Amino acid sequence: MRHIVLASGNPGKIREIRAILAPLRIEVIPQSHYGVPEAAEPHATFIENALAKARSACVHAGLPALADDSGICVEALHGAPGVQSARFAGEPRSDERNNRRLLELLAHADGRRAHYYCAIVLVRHADDPQPVLAEGEWHGEILRAPRGGGGFGYDPLFLDPQLGQTGAELPMEHKNRISHRGKALAVLAERLAGA
């Protein structure tokens, strides 16, 4: 069993990542287990933020580290909330307030197309010059009112038009296969299985 520290304290992310990497006999341990402080995310891109978080967790825990940076990008808002998805309505972080702010900003918008994006970075050691990078996208649209009781983040507002369900209505196993994070983790798992 390999151990990887996860540079996140988000319970939803921890559950999803553990479920997808478990078949590879990789134990994902949250950074809080090692007392790793939350890393700054000052960058303009998901990839840069994920790399900064992974390197920080690796330095503090002394183990290979995995980090993702993900969010929702709405066309009518020129890609916002983007890297600010978790803090869209300010601090303290609140999925409910973030969703409410998104709905307010889209109240008079013509288009409601959006996509989730996820960048996952794995560093084997703190100075890893060649981190493993995996990306994934999940395309859909923003509803006018939330639906479903599962998921987290913007899932209650994010409709997959092919399925006719929101991210919050999908069973976790199904969501893990089709979501942005699920797709990125599948790419990562394939690369790790071949390593």
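Nothing here was measured: the structure is a model prediction, and the numbers come from that model.
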Considering all heavy atoms of both residues, which atom of [X] and which atom of [Y] are nearest to each other, and what is their separation?
X	Y	value
D68	C118	OD2-SG, 3.5 Å
A76	A109	CB-CB, 4.0 Å
A184	G136	CB-N, 3.7 Å
A189	L21	CB-CD2, 4.3 Å
P30	S8	CB-O, 4.1 Å
A50	A119	CB-O, 3.7 Å

[X] (side chain) donor-acceptor with [Y] (main chain) under 3.5 angstrom:
X	Y	value
Y154	G71	no
R181	K13	no
N98	S85	yes
H60	S56	yes

Legend entry - Residue pair K183, E190: steps toward the salt bridge (Lys or Arg N to Asp or Glu O under 4.0 Å) verdict: CA-CA 11 Å; K183 290 174 184 173; E190 187 178 317; over 6 Å; no
Legend entry - CA sep, side-chain torsions, deciding dist, call: L159, I142, side chain to side chain contact (heavy atoms under 4.5 Å, CB included): CA-CA 6 Å; L159 178 73; I142 303 299; over 6 Å; no
Supply the atom-to-atom distance [X] [atom1] to [Y] [atom2], rounded to the nearest 0.5 angstrom.
X	Y	atom1	atom2	value
Q165	R147	CD	CZ	8.0 Å
R97	E91	CZ	CD	8.5 Å
T166	K175	OG1	NZ	9.5 Å
L6	S32	CG	OG	9.5 Å
R124	C58	CZ	SG	10.5 Å
R87	S94	CZ	OG	13.5 Å

Inset, instruction - May I ask you to decide if the ring planes of Y117 and F46 are parallel, tilted or perpendicular, using 30° and 60° as cut-offs? - result: tilted
Legend entry - Mutual orientation of the aromatic rings belonging to F158 and Y116 [parallel < 30°, tilted 30-60°, perpendicular > 60°]: tilted
Within a strict 4.5 Å, meaning less than it, do heavy atoms of the [X] and [Y] side chains meet?
X	Y	result
N49	P42	yes
N176	L185	no
I178	D160	yes
L102	L77	yes
V5	P64	no
V132	V121	no
E135	H180	no
L63	I4	no

Hphob cluster co-occupancy, [X] + [Y], side-chain heavy atoms under 4.5 angstrom:
X	Y	value
V36	L66	no
I17	L170	no
L103	V74	yes
L188	I14	yes
I120	L24	yes

Basic-acidic side-chain contact under 4.0 Å: [X], [Y]:
X	Y	value
E141	R113	no
R55	D127	no
E104	R144	no
E27	R2	no
E173	R15	no

Inset, instruction - For L106 and R112, run side chain to side chain contact (heavy atoms under 4.5 Å, CB included): C-alpha distance rounded to whole Å, both residues' side-chain angles, the deciding distance at 0.1 Å, then the answer. - result: CA-CA 7 Å; L106 290 177; R112 301 181 80 81; 3.7 Å; yes
Inset, instruction - Taking atom CD of E96 as the centre, report whether more than 12 heavy atoms of other residues, nucleotides or ligands fall under 6.0 Å from it. - result: no
Inset, instruction - Might you work through the side chain to side chain contact (heavy atoms under 4.5 Å, CB included) test for L192 and L122, ending with a clear yes or no? - result: CA-CA 10 Å; L192 292 178; L122 171 70; 3.4 Å; yes
Inset, instruction - Would you kindly say whether E137 and H139 are connected by a side-chain donor-acceptor distance under 3.5 Å? - result: yes
Legend entry - Worked verdict on H174 versus L163 for side chain to side chain contact (heavy atoms under 4.5 Å, CB included): CA-CA 11 Å; H174 191 177; L163 299 174; 3.9 Å; yes
